[in-house]
A.B. asks: 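This is the structure I want to talk about, given as structure tokens.
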Amino acid sequence: FVGYFIGAPAMNFFECQLEGSHNVSFGGATITTETDLSKTGEATLKLGIRSEYIRIVETAGINTIKAQVQRVEDLGTHKLVSAIFDNQNVKIKVKRDQEVPLDSVSLEFPARHCCVYEKEQLIWCFIFNYDILVSAAGHISCWYKNADLFIFVVNSELIIFSRSSK
């Protein structure tokens with residue numbers, strides 16, 4: 001998992017259960033992702049989301065959890081909020097001028113930024129006969145494909161993926 005050590009703070013990870021073709025659950029919350037989980041062989045997965053993608057929202061709704069704020073650190077250019085949900089730590093990176101409640105907070109996990117991991121590997125979704133690759137990591141467009149090789153762009157970065165590397 002590069003998410004554990006790339007970026008500051010590291011990616012948030014939550015042990016979760018499969019709840020359908022695009023949903024996972026943990027701590028009583030159901031989170032919808034853009035990842036196709038219909039072929040997943042594991043009942044227990046990990047949900048990953050970076051702190052800068054979690055949003056503090058006024059009211060609970062789809063893909064939200066209610067967490068208890070533990071600490072708010074002013075780091076100059078931004079604030080780092082530490083919270084607890086279901087006995088798990090959650091780190092949220094917000095703009096410095098954003099107001100943060102000091103007790104409980106509703107946190108939104110946007111589906112497009114939710115990554116799902118099975119056996120410590122990111123689950124990739126192949127749809128439309130491999131003509132389009134979609135991942136929770138970002139927008140992916142396919143440039144070239146054959147039976148075993150895909151060359152595509154993820155958020156302006158060239159990626160080469162082969163079935164044997166999965």
Side-chain angles (χ1 to χ4, degrees), residues 1-70 81-93 104-142 145 147-150 152-155 157 159-166:
F1 269 157
V2 294
Y4 282 121
F5 54 86
I6 299 292
M11 183 178 266
N12 291 287
F13 286 103
F14 307 95
E15 295 282 335
C16 58
Q17 281 67 50
L18 181 62
E19 289 288 330
S21 63
H22 289 86
N23 300 326
V24 295
S25 68
F26 66 99
T30 299
I31 303 295
T32 300
T33 73
E34 290 186 355
T35 304
D36 180 5
L37 303 170
S38 62
K39 298 200 178 7
T40 301
E42 294 288 312
T44 302
L45 304 167
K46 284 189 180 177
L47 175 70
I49 186 167
R50 295 214 169 271
S51 62
E52 60 268 25
Y53 296 133
I54 299 173
R55 293 185 27 211
I56 296 176
V57 294
E58 296 280 326
T59 57
I62 296 172
N63 278 22
T64 60
I65 62 171
K66 190 83 158 179
Q68 296 303 119
V69 175
Q70 301 295 302
V81 180
S82 298
I84 299 286
F85 174 74
D86 190 42
N87 294 318
Q88 297 183 71
N89 293 317
V90 184
K91 299 286 187 183
I92 308 100
K93 189 175 179 180
S104 66
V105 63
S106 292
L107 302 174
E108 179 186 32
F109 289 36
R112 69 189 190 111
H113 294 296
C114 291
C115 301
V116 182
Y117 296 83
E118 177 181 26
K119 297 179 182 173
E120 307 295 319
Q121 292 189 13
L122 179 65
I123 298 172
W124 293 87
C125 308
F126 299 95
I127 59 174
F128 304 119
N129 295 325
Y130 304 100
D131 289 332
I132 299 174
L133 292 170
V134 178
S135 153
H139 178 73
I140 299 175
S141 56
C142 187
K145 69 172 179 65
D148 295 308
L149 179 69
F150 297 90
F152 52 95
V153 175
V154 180
N155 298 332
E157 292 186 35
I159 306 291
I160 299 174
F161 180 82
S162 71
R163 288 188 194 200
S164 61
S165 68
K166 186 173 181 185

A.B. asks: Is L107 close to V57 at the side-chain level, that is, under 4.5 Å between some pair of heavy atoms?
C.D. replies: no
A.B. asks: Side-chain contact, heavy-atom cut-off 4.5 Å: S51 with V90?
C.D. replies: no
A.B. asks: Salt-bridge test for R55 and E108: reply yes if a basic N is under 4.0 Å from a carboxylate O, no otherwise.
C.D. replies: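 Answer for the salt bridge query: yes.
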A.B. asks: Taking the side chain as every heavy atom from C-beta outward, state whether V24 and T35 have any atom pair closer than 4.5 Å.
C.D. replies: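 No - every pair of side-chain heavy atoms lies 4.5 Å or more apart.
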A.B. asks: What's the spacing between M11 CE and E52 CD if we round to 0.5 Å?
C.D. replies: 8.5 Å
A.B. asks: I need the minimum non-hydrogen distance between C115 and L122, along with the two atoms involved.
C.D. replies: CB-CD1, 3.7 Å
A.B. asks: If I compare all heavy atoms of A67 with all of F85, which pair ends up nearest, and what's the gap?
C.D. replies: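 It is CB-CB, 4.2 Å.
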A.B. asks: Hey, what do you get for CD1 (I56) to OG1 (T64), rounding to the nearest 0.5 Å?
C.D. replies: 13.0 Å
A.B. asks: Tell me whether the rings of F26 and F109 are parallel (<30°), tilted (30 to 60°) or perpendicular (>60°).
C.D. replies: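 Aromatic pair F26/F109 classed tilted.
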A.B. asks: Looking at E15 and Q88, what are the two nearest heavy atoms and their distance?
C.D. replies: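 Scanning both residues, the minimum pair turns out to be N-OE1, 3.8 Å.
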A.B. asks: CD1 of I31 to CD1 of I65: how many Å apart, nearest 0.5 Å?
C.D. replies: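 Here the interatomic distance stands at 6.5 Å.
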A.B. asks: To the nearest 0.5 Å, what is the distance between CZ (R50) and CD1 (I54)?
C.D. replies: 11.0 Å
A.B. asks: Keeping the roles fixed (side chain from N63, backbone from T32), state whether a donor-acceptor pair exists under 3.5 Å.
C.D. replies: yes
A.B. asks: With heavy-atom distances below 4.5 Å as the criterion, would you say the side chains of K46 and E120 are in contact?
C.D. replies: yes
A.B. asks: Counting only heavy atoms not in I62 (residues, nucleotides, ligands), do more than 12 fall under 6.0 Å from its CD1?
C.D. replies: no
A.B. asks: If only side-chain N and O atoms count, and only distance matters, is there a donor-acceptor pair under 3.5 Å linking Q17 with S25?
C.D. replies: no
A.B. asks: Could you report the tightest heavy-atom contact between L37 and T33, atom names first, then the distance?
C.D. replies: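 The answer is CD1-OG1, 4.3 Å.
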A.B. asks: Could you measure the distance from the CG atom of N89 to the CZ atom of F13? Nearest 0.5 Å is fine.
C.D. replies: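 Going from CG on N89 over to CZ on F13, the span is 14.0 Å.
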A.B. asks: Shortest non-hydrogen contact from P110 to Y53?
C.D. replies: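 Closest pair (atom of P110, atom of Y53, distance): CD-O, 3.2 Å.
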A.B. asks: To the nearest 0.5 angstrom, please state how far the SG atom of C114 sits from the CG atom of N12.
C.D. replies: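 Output value for this atom pair is 10.5 Å.
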A.B. asks: Can you check whether E58 reaches S106 side chain to side chain, under 4.5 Å on heavy atoms?
C.D. replies: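 In short, these two side chains do not touch, never coming nearer than 4.5 Å.
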A.B. asks: Assess the residue pair T30 and N23 against the criterion (side-chain hydrogen bond (donor to acceptor under 3.5 Å, both in side chains)); give the C-alpha distance rounded to whole Å, side-chain angles, the decisive distance to 0.1 Å, and a yes or no.
C.D. replies: CA-CA 7 Å; T30 299; N23 300 326; over 6 Å; no
